[in-house]
There are 2 protein chains.
Amino acid sequence: MTRSEENYLKTIFHLGGGDAKSITTNAIAEQMETKPSSVTDMAKKLSEKGLVDYVRYQGVSLTDAGVKTALSIIRKHRLWEVFLVKKLDFTWDEVHEVAEQLEHIKSEKLIDKIDELLDFPKYDPHGDPIPTKDGKFQERDEKLLSEIPINSQGVCVGVKDSSVPFLKFLDKNKIALGNTIKVLDKEDFDNSLRIQMEGKEMRISHQIAANLYVKKNN
Amino acid sequence: MTRSEENYLKTIFHLGGGDAKSITTNAIAEQMETKPSSVTDMAKKLSEKGLVDYVRYQGVSLTDAGVKTALSIIRKHRLWEVFLVKKLDFTWDEVHEVAEQLEHIKSEKLIDKIDELLDFPKYDPHGDPIPTKDGKFQERDEKLLSEIPINSQGVCVGVKDSSVPFLKFLDKNKIALGNTIKVLDKEDFDNSLRIQMEGKEMRISHQIAANLYVKKNN
DNA sequence: ATCTATTTTTAGATTTGTCTAAATTTAATT
DNA sequence: AATTAAATTTAGACAAATCTAAAAATAGAT
């Protein structure tokens, strides 16, 4: 399994190709910042290997073997992210790039030991669930902050957008996983929210609220 | 800097090419289990980049820039080895293969944090010195166990041969770094040694003694 | 149902790192 | 100094992963 093959499988999974849904070569190319023709080539190769189902002009979806491989890479990625944050004091906007490299290290023992060192975490620093060794995947049932009603509150458990600018914004505004956030008011005009977090009141835009997952507790 | 380029620089360094000594393409090919013609190709490429001096039919040696790069890779390799042993309970015969992969991870912050996490170790699990961040390299001044006189003793600080079979042998016979070993007697016939280690007496072959470094303390 | 715009694939080229086989250079021997 | 053996390089090929440009298929609109 080459690094490139692994990256394709991971991307297809993230685009939803694990649920037998067909993902277009264009969508994959865009996500990976490559050309559709390159995706076609790789689709054939992965199909040969039994990791994807590929029908010309229709797109690709992951086979069971493909899902399994994708999950093992995602598992490694997310465990390394936890390691970087918890053991090496990386901030959550710094971890992705390094984890993209570490996820390709081939050693089952290594990742199992990292898992153990971290005490078998269930979520990565962005709140995304970490698949288990046997590929079980705990889906997130949380809601976006923008979707919970006024006067309800929840604990911040993850982000939808994990781009560096967004994470830096959260850092700067002291919005962190684990914080309790209460929605005080919504502004009809621009859908911005007035919230209370850790005792302080603040106003955040709809764009922010639509990218923050919370677990409701009232 | 590609992974392959890094591996060549590392190999050339280990073969002595850091001391302006010319290393033959054959020697490099043998060490890397590749063909001399492949080495020639890479020699040209690294020469273009100013990392080696290459004279046709004469061999290659590292430039200052080449030494610097080689040392940074060796530094990463050895720090990861320490990490695997100290933090993840790998045995010293298991670490090499994984460290060969980890040494190519590109993140200065990552390796500096690993260094810090390990409290800035000076030696790796085989007793090899770890270059500092600025490329300073503490040469080992220890002697081989086979070369110290009868009735002198020393602390085991490293191995010359770090192959898996040898390391497994040491593990099995409870010969570990830090043990104090005293040479009681030498057998003229086969150069085998009678030694005392951690209270117990045992006999070891010349081949073993010639691959164990000790720091004399009398 | 046909036409057109978009998507997707094919064909051929490129880069990196490798190989084999042939040619060349060096070194060793007489 | 000539010859031979060994080491080294060159030339040409190949596989992986990518690209561009042209061809083919699909989907949407009338």
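Quantities reported herein were computed from a predicted structural model and do not represent experimental measurements. Every heavy atom of this structure was used, including side-chain atoms; hydrogens, water molecules and symmetry mates were not. Just so it is clear: chains get the letters A, B, ... in the order the sequence lines come, proteins before strands, and each one is counted from 1.
With rounding to whole Å, M42(B) atom CE is found 10 Å from dT16(C) atom P. Distance, L46(B) CG to dT16(C) P: 13 Å, rounded to whole Å. For the pair M1(B) CE and dT16(C) P, the interatomic distance rounds to 13 Å; values are reported in whole Å. Here the C1' atom of nucleotide dT20(D) and the NZ atom of K35(A) are 9 Å apart, to the nearest Å. Atoms CD (E48(B)) and P (dT16(C)) sit 12 Å apart, rounded to a whole Å. Distance, R3(A) CZ to dT18(D) C1': 16 Å, rounded to whole Å. In this structure, I23(B) atom CD1 and dT8(D) atom C1' are separated by 16 Å, rounded to whole Å.
Between dT18(C) and Y8(B), a contact under 4.0 Å exists linking OP1 or OP2 to a side-chain N or O.
Using a 4.5 Å cut-off on side-chain heavy atoms (C-beta onward), M42(A) and S4(A) make contact.
The 12-atom threshold is exceeded at CD of E147(A), counting heavy atoms of other residues, nucleotides or ligands nearer than 6.0 Å.
By the salt bridge (charged side-chain N to carboxylate O under 4.0 Å, His left out) test, K106(B) is found to be paired with E6(B), residues two or more places apart in sequence or in another chain being considered.
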Begin from the C-alpha positions of V82(B) and D124(B) and carry the test side chain to side chain contact (heavy atoms under 4.5 Å, CB included) through to its verdict.
-> CA-CA 5 Å; V82(B) 176; D124(B) 80 7; 4.2 Å; yes
Which is it for F83(A) and F83(B) under the ring pair (Phe, Tyr, Trp, His ring centres under 6.0 Å) test, yes or no, and what are the steps along the way?
-> CA-CA 13 Å; F83(A) 171 78; F83(B) 172 78; 5.5 Å; yes
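Checking each of K76(A), K133(A), K109(A), R75(A) against D115(A) for a salt bridge (Lys or Arg N to Asp or Glu O under 4.0 Å) leaves exactly one that passes, namely R75(A).
A heavy atom closer than 4.0 Å to some atom of DNA chain D occurs in no member of residues 100-107 of chain A.
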When you check every protein heavy atom under 4.0 Å of nucleotides 6-11 of chain C, what one-letter string (B, S, -) results, 5' to 3'?
-> -SBBB-
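A donor atom on one side chain and an acceptor atom on the other are found under 3.5 Å apart for D161(A) and S163(A).
Panel note: side chain H206(A), backbone D190(A); no donor-acceptor pair is recorded below 3.5 Å.
Separation of the Y54(A) and Y8(A) ring centroids does not fall under the 6.0 Å cut-off.
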